[in-house]
Amino acid sequence: MDYQGREQLLDKSMGSIYKLVILASKRALEIAEGQPKLVADDASVKPSSVALHEIGAGKIEARKLKAKE
């Protein structure tokens, strides 16, 4: 998969680099624990890179939680 710039990935995380890092790290942990990949990457690609590819492809994205009442 091609390199995707930070600006493209920020759109998927509500414009926050911090949310992007948290989203990618949580998804990378899920992939490392055995969850199926949502994009076609080789087995040699690191889970963190797969997570960023999934975010770039729009397979996952951050969303705002609703406040509890």
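These numbers were taken from a predicted model, which means no experiment stands behind them. Hydrogens, waters and symmetry mates are skipped; everything else that's a heavy atom, side chains included, is used.
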Salt bridge (Lys or Arg N to Asp or Glu O under 4.0 Å): pairs with one or both residues in residues 30-39, sequence neighbours excluded:
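Every pair satisfying salt bridge (Lys or Arg N to Asp or Glu O under 4.0 Å) with a residue in residues 30-39: Arg27-Glu30.
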Kindly write out the residues that satisfy salt bridge (Lys or Arg N to Asp or Glu O under 4.0 Å) with Glu61, not counting sequence neighbours, or none if the list is empty.
none
Short question: side chain of Ser49, backbone of Val45 - any donor-acceptor pair under 3.5 Å?
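No, the answer is negative, given that no donor and acceptor are paired below the 3.5 Å cut-off.
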Would Tyr18 end up clustered with Ile60 when hydrophobic side chains under 4.5 Å apart are linked, directly or stepwise?
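Cluster IDs for Tyr18 and Ile60 match.
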State plainly whether one hydrophobic cluster holds both Leu52 and Val39, where clusters connect Ile, Leu, Val, Met, Phe, Trp and Tyr through side-chain heavy atoms under 4.5 angstrom apart.
no
With sequence neighbours excluded, what pairs up with Ile22 under the side chain to side chain contact (heavy atoms under 4.5 Å, CB included) test?
Lys26
For Ser48, all residues meeting side chain to side chain contact (heavy atoms under 4.5 Å, CB included), sequence neighbours excluded
Ala28, Lys46
Identify, with sequence neighbours excluded, every residue that meets side chain to side chain donor-acceptor pair (under 3.5 Å) alongside Gln35.
none
Can you check whether Ile31 reaches Glu54 side chain to side chain, under 4.5 Å on heavy atoms?
yes
Of Leu23, Val50, Asp11, which is the lone residue that meets side-chain contact (heavy atoms from CB on, under 4.5 Å) with Ile55?
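Looking at Leu23, Val50, Asp11, the match for Ile55 under the side-chain contact (heavy atoms from CB on, under 4.5 Å) is Leu23.
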Straight-line distance of Ile17 CD1 to Leu10 CG, nearest 0.5 Å:
5.0 Å
